[in-house]
Amino acid sequence: MATDLKIAASKIASVNPATGEVLREFESASEAEVHAAVSRAKAAQESWASLGVRKRIAILREFQRLLHHKKSEVAQLVTREAGKPYVEALLTEVLVVLDAARFLIENAYQLLQDEPVPHGNLAMKTKSGRVLREPYGVIGIISPWNYPFSIPATESLAALVAGNAVVLKPSEFTSLTAIELAAMLHQAGVPEEVFQVLPGDGVTGAVMTNAAIDKLVFTGSVPTGRRIAQNAAARLLPVVLELGGKDPMLVLDDADIEIASRGAVWGAFVNAGQACLSVERCYVHRSLYEPFLKACVRHTQELRVGNGMDPDTDLGPLIHQRQLLNVEAQVNDARAQGARVLIGGKRLPEVGENFYAPTVLADVTSEMRIMRQETFGPVLPVMAYENDDEAVRLANDSEYGLAASVWTRDRARGEALARRIQAGTVMVNDVVSCFGISEAPHGGVKASGNGRSHGRYGLEEMVRIKYLDSDRLPGMEKIWWYGYGEAFSRQMEGLLDFQFARGIRKRLRGAVRAAGALRGK
Ligand code: NDP
């Protein structure tokens with residue numbers, strides 16, 4: 001399909017955000033290359049689908065073996081390209097993917113089987129119904145830089161095991177990690193045309209949205225998600241949108257301050273705050289407010305900021321200067337409006353140009369940008385509230401709805417409150433780690449997007465539902481076919497009475513009247 005986007009082959013680079021070292025330069029895939037890749041994927045997909053689920057699962061098992069074997073190499077690559085501490089790369093990237101593969105190896109065969117559908121309507125009892133799950137064809141995946149391995153890999157594994165081909169456009173900042181994913185999938189037995197990576201920038205992504213893919217799975221920011229949704233609407237392209245968040249953390253009056261503050265500090269600063277699920281707003285019951293802040297500052301003081309390759313590092317750099325400037329602007333705006341910076345609130349040029357100190361802010365208000373816009377940096381803004389109703393109101397006072405957390409010693413109370421929060425996931429007494437539960441559906445409500453990845457629901461996104469209806473009495477005319485008239489109307493009234501009238505006599509009379517229709521056919 002032609003688009004009016006003219007691409008001059010632009011250069012993109014993979015750069016180590018901790019050191020500024022250019023790891024590799026690429027040319028963005030051109031418009032023609034995107035269309036050619038999608039055509040190749042289309043041509044190859046049918047034989048991939050006809051291989052059958054069991055054989056595809058065997059390939060997945062081999063991929064899992066290879067990944068486990070190369071776990072350190074992959075984690076180091078992620079650290080070099082995206083900056084996060086090595087151990088975080090090991091856990092939130094490699095482990096998440098190994099376990100996603102485990103889930104599909106154990107469950108995909110069962111979940112992709114035809115599903116018998118018993119019919120309740122008496123008139124339809126002669127039919128045998130089944131739900132079939134068929135691959136879409138080519139799934140386009142556009143992914144961000146913050147989890148450059150686990151996000152595209154979990155989505156790709158689900159797409160592939162369901163029999164789709166995949167064309168992946170990774171973030172321009174993390175092409176190397178995506179290329180490593182492709183290399184392992186190919187080595188495991190996925191044909192090269194069935195899984196392709198197109199390094200490129202936003203323009204390449206936009207071209208992909210217009211290419212002949214059959215579904216698009218997009219993970220990224222809300223503004224890009226909106227643009228993609230508009231594009232997709234014009235051609236009715238199905239899309240999954242995994243977008244940004246502004247996740248609230250509610251610390252109830254009975255919470256364990258030590259545990260909750262440690263959770264808040266990790267939840268706000270993991271991956272230097274560049275996680276869609278990170279704690280971006282913290283609401284603490286007034287009675288715990290000051291001791292909670294003190295504990296957060298104490299834990300933050302202990303953190304070591306540096307190059308993620310150093311095993312002692314807790315926080316790495318931000319991905320690039322643009323991200324740092326955005327974080328800095330939000331903190332400065334909050335400060336100018338009266339927020340107290342308890343710790344941090346500044347760049348760390350002595351460590352490197354993309355480093356920002358982990359920051360705890362007190363006395364923030366709901367009107368400040370820091371409490372409304374996604375920050376995506378190492379900032380923990382904390383606000384006091386008076387009672388549970390106010391906490392729920394504050395949590396829901398956001399255009400986003402990705403995830404949330406509730407902290408309490410009383411699990412039942414926490415779960416009751418969780419039900420009142422508008423979010424795709426609510427955790428009680430933990431944060432962020434839901435992303436590591438392969439069985440748990442991941443996705444948002446409101447501006448955080450729609451559709452789900454991970455587990456059963458993530459797999460369901462990769463298949464078209466087809467209903468197969470097969471009549472058990474092929475030699476018989478159906479009673480609802482033509483032959484209308486007064487008598488037929490009475491017979492059909494009888495049919496409705498037989499099924500839905502209250503009282504056995506009325507139903508039996510209905511059955512007798514309805515039986516006349518059978519005689520007439
Ligand atoms: P962006 O929206 O900037 O980019 C996401 C991807 O879209 C990148 O590959 C990008 O390419 C590409 N892209 C940019 N413009 C277009 C376009 N017009 N058409 C098609 N594709 C385009 O997000 P970031 O990469 O900055 O990622 C951070 C965001 O992702 C945050 O908002 C975060 O919350 C969200 N996110 C959501 C998750 C979820 O599961 N809900 C998980 C992780 C992150 P390029 O990088 O080359 O510009």
Side-chain angles (χ1 to χ4, degrees), residues 45 48-69 71 74 91-118 129-139 141 143 147 149-166 168 181 184-185 188-191 194-195 214-215 217 219 238 240 242 277 403 424-425 427 430 432-444 450-468:
Q45 183 266 331
W48 175 246
S50 63
L51 207 59
V53 194
R54 284 192 199 279
K55 290 205 173 123
R56 291 195 297 271
I57 286 177
I59 290 174
L60 212 64
R61 194 174 277 121
E62 175 59 10
F63 166 79
Q64 190 194 43
R65 191 191 66 76
L66 282 168
L67 174 57
H68 176 246
H69 180 66
K71 57 185 184 302
V74 173
L91 297 177
T92 65
E93 306 269 6
V94 179
L95 173 59
V96 164
V97 177
L98 285 171
D99 197 60
R102 190 269 311 153
F103 173 84
L104 293 170
I105 289 165
E106 288 175 2
N107 297 291
Y109 181 77
Q110 178 66 25
L111 292 172
L112 293 170
Q113 291 307 295
D114 297 353
E115 183 183 326
V117 179
R130 267 158 294 162
V131 165
L132 314 186
R133 291 180 168 81
E134 298 185 339
Y136 272 91
V138 180
I139 304 275
I141 297 180
S143 56
Y147 288 91
F149 189 70
S150 55
I151 289 175
T154 51
E155 294 167 352
S156 299
L157 295 185
L160 290 169
V161 80
N164 299 284
V166 171
L168 165 65
L181 169 64
M184 278 186 289
L185 284 169
V190 178
V194 170
F195 184 83
D214 300 290
K215 183 162 184 172
V217 178
T219 309
V240 171
E242 299 282 2
L277 294 167
T425 301
M427 302 193 79
D430 199 5
V432 182
S433 64
C434 51
F435 192 73
I437 305 168
S438 296
E439 289 73 12
H442 171 71
N450 54 54
R452 293 292 179 265
S453 59
H454 293 194
R456 175 185 181 163
Y457 298 96
L459 188 60
E460 292 277 356
E461 295 285 0
M462 304 302 176
V463 288
R464 284 200 178 103
I465 297 296
K466 179 187 275 180
Y467 193 66
L468 177 61

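The CE atom of M462 lies 9.5 Å from the CG atom of L104; values are rounded to the nearest 0.5 Å. Separating the CG atom in L67 from the CE atom in M184 is a distance of 5.0 Å, to the nearest 0.5 Å. L157 contributes atom CG, which lies 13.0 Å from atom CZ of R56 (distance to the nearest 0.5 angstrom). Considering CG of L160 and CZ of F195, their distance stands at 6.5 Å, rounded to 0.5 Å. Note: I105 CD1 to I59 CD1 = 11.5 Å, rounded to the nearest 0.5 Å. We find the NZ-CZ distance between K466 and R130 to be 12.0 Å, quoted to the nearest 0.5 Å.
Contact of the W48 side chain with the L51 side chain is registered, since non-hydrogen atoms from C-beta on lie closer than 4.5 Å. The closest side-chain heavy-atom distance from F103 to L459 is not below 4.5 Å.
With sequence neighbours left out, L95 forms a side-chain contact (heavy atoms from CB on, under 4.5 Å) with L91. Taking T425 as the reference, nothing meets the side-chain hydrogen bond (donor to acceptor under 3.5 Å, both in side chains) condition, with sequence neighbours excluded. Here H68 pairs with K71, L98 under the side-chain contact (heavy atoms from CB on, under 4.5 Å) rule; sequence neighbours left out. With sequence neighbours left out, Q45 forms a side-chain hydrogen bond (donor to acceptor under 3.5 Å, both in side chains) with no residue at all. Residues forming a side-chain hydrogen bond (donor to acceptor under 3.5 Å, both in side chains) with E106 (at least two apart in sequence, or on another chain): R102. Taking the salt bridge (Lys or Arg N to Asp or Glu O under 4.0 Å) definition, one finds that K55 meets it with nothing, sequence neighbours left out. Residues passing the side-chain hydrogen bond (donor to acceptor under 3.5 Å, both in side chains) test with E62 are R65, sequence neighbours excluded. Not counting sequence neighbours, the partners of A100 by the side-chain contact (heavy atoms from CB on, under 4.5 Å) test are T154, S438. Looking at residues two or more places apart in sequence or on another chain, you find a salt bridge (Lys or Arg N to Asp or Glu O under 4.0 Å) between E93 and K84. Residues satisfying the salt bridge (Lys or Arg N to Asp or Glu O under 4.0 Å) test with R464, not counting sequence neighbours, are none. E461 pairs by the salt bridge (Lys or Arg N to Asp or Glu O under 4.0 Å) definition with K215, not counting sequence neighbours.
D214 places no side-chain N or O within 3.5 Å of a backbone atom of I139 that could act as its donor or acceptor partner. In terms of modelled atom types and a separation under 3.5 Å, the side chain of D114 and the main chain of L132 share no donor-acceptor contact.
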Exercise for the section: Decide yes or no on side-chain contact (heavy atoms from CB on, under 4.5 Å) for S150 and T92, but give the supporting numbers first. Expected result: CA-CA 7 Å; S150 55; T92 65; 5.6 Å; no
Which side-chain N or O atoms in residues 450-458 pair as donor and acceptor under 3.5 Å with protein atoms at least two apart or in another chain?
residue : atom : partner : partner atom : Å
R452    : NH1  : G444    : O            : 3.1
S453    : OG   : E242    : OE2          : 3.3

